[in-house]
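Everything on this sheet refers to the single structure shown next.
Below, chain A is the first sequence line, B the second, and so on; all start at residue 1.
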Amino acid sequence: MRWSRYFLYTLKEDPAEAEAPSHKLLLKAGFIKQVSAGIYEILPAGWRVIRKIESIVRKEMDRSGAQELLLTVLNPAELWKETGRWESYGNELFRLKDRNGREYCLGPTHEEEITDLVRKVVHSYRQLPLILYQIQVKFRDEKRPRFGLIRGREFIMKDAYSFDADDFSAMMSYENMKFAYDRIFKKLRLNVIMAQASVGQIGGTQSHEFIAFTDYGEAKVGYCKNCGYAANAEIIPLQKPQPQEEEEKPIEKIHTPNVRTIEELAKFLSVPPSKILKAVLYMVNDREPVLVLIRGDRDIDENKLEAVLGTEDFRLAGDEEVKDLLGTEKGFIGIFNLPEGVKVLWDNSVYGVKNMVVALNEPDYHYINANPGRDFEYGEFVDVAEIIEGDPCPQCSSPLKVKRGLELGHIFLLGTRYSEPMKAYFTDQEGKERPIIMGCYGIGISRVMAAIVEQYHDERGIKWPTPVAPFELDILCLNMSDPQLTQVAEKLYMEAEEKGIEVIYDDREESAGFKFADADLVGFPYRIVVGKKVKEGKVELQKRSTGERWDVPMEEAIDRVKEMIAEDKK
RNA sequence: CGGGGUGUAGCUCAGGUGGCAGAGCGUCGGCUUUGGGAGCCGAAGGUCGUGGGUUCAAGUCCCACCACCCCGACCA
């Protein structure tokens with residue numbers, strides 16, 4: 001490909017709207033263009049990367065025995081009504097009507113459709129097990145699209161679905177996919193950890209996430225270097241700690257005017273935040289008050305709270321509600337003088353803390369040295385604290401590491417969550433009708449592209465790993481008005497094409513510096529510089545990932561590159 | 001959905017107190033230049049996010065709306 005004819009235009013300045021490195025660099029290097037919030041066009045260079053990612057995924061899926069097909073984007077509402085998700089999926093679902101008023105949605109995922117397909121075709125245990133998959137554009141009207149390709153409202157996804165006759169077989173399919181995912185992320189050169197996860201909206205009995213470590217990830221994963229445990233932070237349990245051994249001091253009421261936050265209070269009273277009882281008032285179903293008590297140095301993980309409450313319909317109480325219900329202000333909410341009808345939940349972290357600082361629902365006052373059993377009684381204990389670095393591993397109690405990451409893949413053992421309501425039954429060996437056991441397995445293809453950029457870039461641009469690079473080699477002719485140079489460059493370009501290298505020839509009428517800067521930014525793994533060394537019969541070979549450079553005789557250059565590419569792709 | 005911010009040329013931005021719409025980069029024409037985003041000369045390019053209001057006069061003041069970005073809760 002000649003760059004002078006190629007639809008690849010880079011930006012000189014950082015795009016104002018981008019923050020995350022992948023977002024910034026993909027825009028700047030001309031891989032994507034924004035159309036509206038969370039909706040992007042993928043330009044030719046970007047599409048080459050996507051297609052390479054897809055082909056790696058495809059190869060491993062096929063190898064695992066899965067079969068590719070293509071489902072529809074336009075899904076009839078009826079299928080979604082069968083599983084109840086037409087309602088429960090909420091505003092995330094893009095809904096529309098045809099000319100006859102019939103309702104559809106743009107597919108955000110395809111459990112319904114695939115189950116419908118399979119129930120129409122599969123009737124016997126002889127047709128199982130079965131794994132089907134597709135690579136397709138998905139639509140989700142996200143509350144908050146962000147970071148470019150990291151969270152779009154329209155994105156490319158590989159989704160696979162397994163169908164088995166019994167639980168054991170389903171487990172085998174699940175394990176099969178686990179291994180396939182492991183191979184896929186290795187081939188994509190991504191640093192990914194597999195973590196236990198919650199089943200969430202999709203439902204099911206078991207799930208794992210594949211999380212790439214990045215600064216702009218939205219997932220938090222806790223993992224243990226000692227025993228290998230890894231899980232999404234929102235499902236890591238925290239037990240009650242050992243009660244503190246400490247002499248109980250007399251309780252005392254202290255005037256704390258305008259001291260509201262934990263930090264202010266800790267400073268004002270000269271106590272560590274861990275001695276303060278933090279009280280947070282939530283409104284469940286818009287009107288049932290629930291008071292959550294947690295240690296002052298801890299935060300509430302609202303995912304855990306959702307699991308405890310059994311509903312996602314809750315929110316922090318407003319200032320007015322706090323005043324109406326408790327007769328006080330935020331900052332002075334406590335366990336004393338609580339009105340009837342306020343449910344109280346104690347987080348495990350509070351257990352056994354002695355000589356606590358506690359508010360009493362009276363503005364500008366706190367108790368110090370409050371002690372359980374003497375000054376107040378515990379209520380129901382729950383686990384709602386956010387995991388922090390150093391918390392004990394639930395398997396071996398070693399301190400956990402906590403890191404941010406980006407969820408690239410998610411696999412679920414669904415059981416009969418879809419086959420039961422949709423009556424996807426088969427006849428077993430005994431002639432009995434039974435629901436098919438299902439699993440589903442997703443990889444965010446376009447998000448993978450962003451994740452690769454997050455893990456492979458520097459201050460000058462992207463450093464594509466060779467297996468996913470838009471082109472493997474960039475030939476730079478530094479002076480297009482020097483016929484000696486253009487002749488050499490042309491020859492190398494032809495030779496590279498002949499030898500099967502994916503090559504782009506920078507034949508643009510631009511200055512040397514311009515071409516170097518673009519080569520760094522776009523991030524081709526190898527570069528051959530045709531410049532003044534041609535007089536000595538040499539060109540310069542450069543490797544983007546390491547910055548290494550070699551002067552090589554012109555006639556050897558392409559073969560050298562070819563070897564290095566082959567090495568990279570192993 | 002709650003909180004914060006931004007909308008002016010293709011891009012990045014400047015335009016106290018209302019008074020002729022600007023710069024750099026890019027683009028087009030010409031000359032010169034070619035190992036790290038070159039230089040000179042000339043030119044084109046704008047419903048100042050949209051609608052309304054105040055005013056002799058609005059990019060600027062007021063109201064409403066829209067879009068985009070960032071922080072929080074959901075997801076691949």
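Here B:C68 is the nucleotide among B:A73, B:C75, B:C68 with the atom lying nearest to any side-chain atom of A:Ala37. Between B:A76, B:G35, B:G37, one nucleotide has an atom nearer to the side chain of A:Ala517 than all others, and that is B:G37. Of the candidate nucleotides B:G37, B:G35, B:A76, B:G37 has the atom nearest to the side chain of A:Lys12. Closest to the side chain of A:Arg144, out of B:G35, B:A76, B:C71, is B:C71. Comparing B:C71, B:G35, B:C69 by their closest approach to the side chain of A:Phe147 singles out B:C71. In this structure, the nucleotide among B:C75, B:C70, B:C68 sitting nearest to the side chain of A:Ser36 is B:C68. Distances were taken from every side-chain heavy atom of A:Thr10 (C-beta onward) to each of B:C75, B:G36, B:G37; the shortest belongs to B:G37.
Checking side-chain atoms of A:Lys515 against main-chain N and O of A:Cys477 turns up a donor-acceptor pair under 3.5 Å. Although no hydrogens or angles enter the test, the distance criterion places no donor-acceptor pair under 3.5 Å between the side chain of A:Arg527 and the main chain of A:Lys543.
A salt bridge links A:Lys304 with A:Asp383: the distance from a Lys NZ or Arg NE/NH1/NH2 to an Asp or Glu carboxylate oxygen falls below 4.0 Å.
On a pure distance criterion of 3.5 Å, no polar donor-acceptor pair joins the side chain of A:Asn479 and the base of B:G35. For A:Arg549 and B:G36, a side-chain-to-base donor-acceptor distance below 3.5 Å is present, hydrogens and geometry of angles not being considered. A donor and an acceptor atom sit less than 3.5 Å apart, one in the side chain of A:Glu540 and one in the base of B:G35. For a distance-only test at 3.5 Å, the side chain of A:Glu13 fails to qualify as a donor-acceptor partner of the base of B:G26.
Within the 4.0 Å cut-off from OP1 or OP2 of B:C69, at least one side-chain nitrogen or oxygen of A:Gln34 is found. A sub-4.0 Å separation between OP1 or OP2 of B:A38 and a side-chain N or O of A:Ser511 is present.
Spacing between atom CZ of A:Arg146 and atom P of B:G3 amounts to 18 Å, rounded to whole angstrom units.
Here the NZ atom belonging to A:Lys538 is positioned 9.5 Å from the CD atom belonging to A:Glu556, to the nearest 0.5 angstrom.
Between the side-chain ring of A:Phe155 and the base of B:A76, a stacking contact exists by the 5.5 Å and 30° definition. You can call A:Phe516 stacked on the base of B:G36; the centres are under 5.5 Å apart and the planes sit within 30°.
Remark: A:Arg95 is not positioned above the aromatic ring of A:Trp80, lacking an NZ or CZ atom under 6.0 angstrom from the ring centre and at most 45 degrees off the axis.
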